[in-house]
Amino acid sequence: LSGNVQSTCRRVDRVIFKGSTDPIQIYHAPSGSDWSNDHVDNHSELVEMTAWDEDTENDYRGLIRDAQSKIDSDNEISHRDLYDSMMNAYLDKEWTMCKIYSHLWIKKWPGDRIVVALI
């Protein structure tokens, strides 16, 4: 995808096909229902699965505060930045950071199909 098209899509994964050494990014073209506020059936379970403990709260206090301010913002660029941070954490296997981002995201947009699948 060209840079212009990528900028309108959300990255959802990175794969390496058999016989290749170069990873390929997979993107999802947005639709109106992607960032839904409708709860999925297992919403409370997803929120519980992504919750963190007191030690994590202390260790990641700045990251949590920064992520929460992006979630609370009305600025779509802040939301996209947080989503990209969540995907980077997932792809880089930074599980604690991914869990924090996912938790905040799913509380704000409980019906986001991509993040529900990620969790």
Item to check | Y90 side chain vs S102 backbone, donor-acceptor pair below 3.5 Å | outcome: no
Checklist entry - Is H79 reaching over with its side chain to a backbone N or O of S73, donor-acceptor style, under 3.5 angstrom? => result yes
Checklist entry - Would R11 and I26 count as a side chain to side chain contact (heavy atoms under 4.5 Å, CB included) if you check the C-alpha gap in whole Å, the side-chain angles of each, and the deciding distance to 0.1 Å? => result CA-CA 6 Å; R11 190 169 39 139; I26 298 176; over 6 Å; no
Applying side chain to side chain contact (heavy atoms under 4.5 Å, CB included), can you list everything that pairs with [X], at least two apart in sequence or on another chain?
X	value
D92	R14, N88, E94
K99	T50
D22	S20
T56	W52, D53, Y60, T96, I100

Next on the checklist: So, taking the atom named CD in E48 and the one named NE2 in H103, what distance separates them when rounded to the nearest 0.5 Å?
Outcome noted: 10.5 Å
Checklist entry - If you measure from CD on E54 to CG on D59, what distance do you get to the nearest 0.5 Å? => result 10.5 Å
Item to check | Nearest atoms (heavy-atom pairs only) where M87 meets D13 | outcome: CE-N, 4.0 Å
Item to check | Qualifying residues under salt bridge (charged side-chain N to carboxylate O under 4.0 Å, His left out), relative to D84, sequence neighbours excluded | outcome: none
Checklist entry - Under the side chain to side chain contact (heavy atoms under 4.5 Å, CB included) criterion, do D112 and R10 qualify, and how do the steps go? => result CA-CA 12 Å; D112 187 318; R10 294 201 297 165; 2.9 Å; yes
Checklist entry - Can you get from W95 to V12 by hopping between Ile, Leu, Val, Met, Phe, Trp and Tyr side chains that sit under 4.5 Å apart? => result yes
Item to check | Atom CD1 of I77: over 12 foreign heavy atoms under 6.0 Å | outcome: no
Item to check | side chain to side chain donor-acceptor pair (under 3.5 Å) involving Q68 - partner list, sequence neighbours excluded | outcome: D72
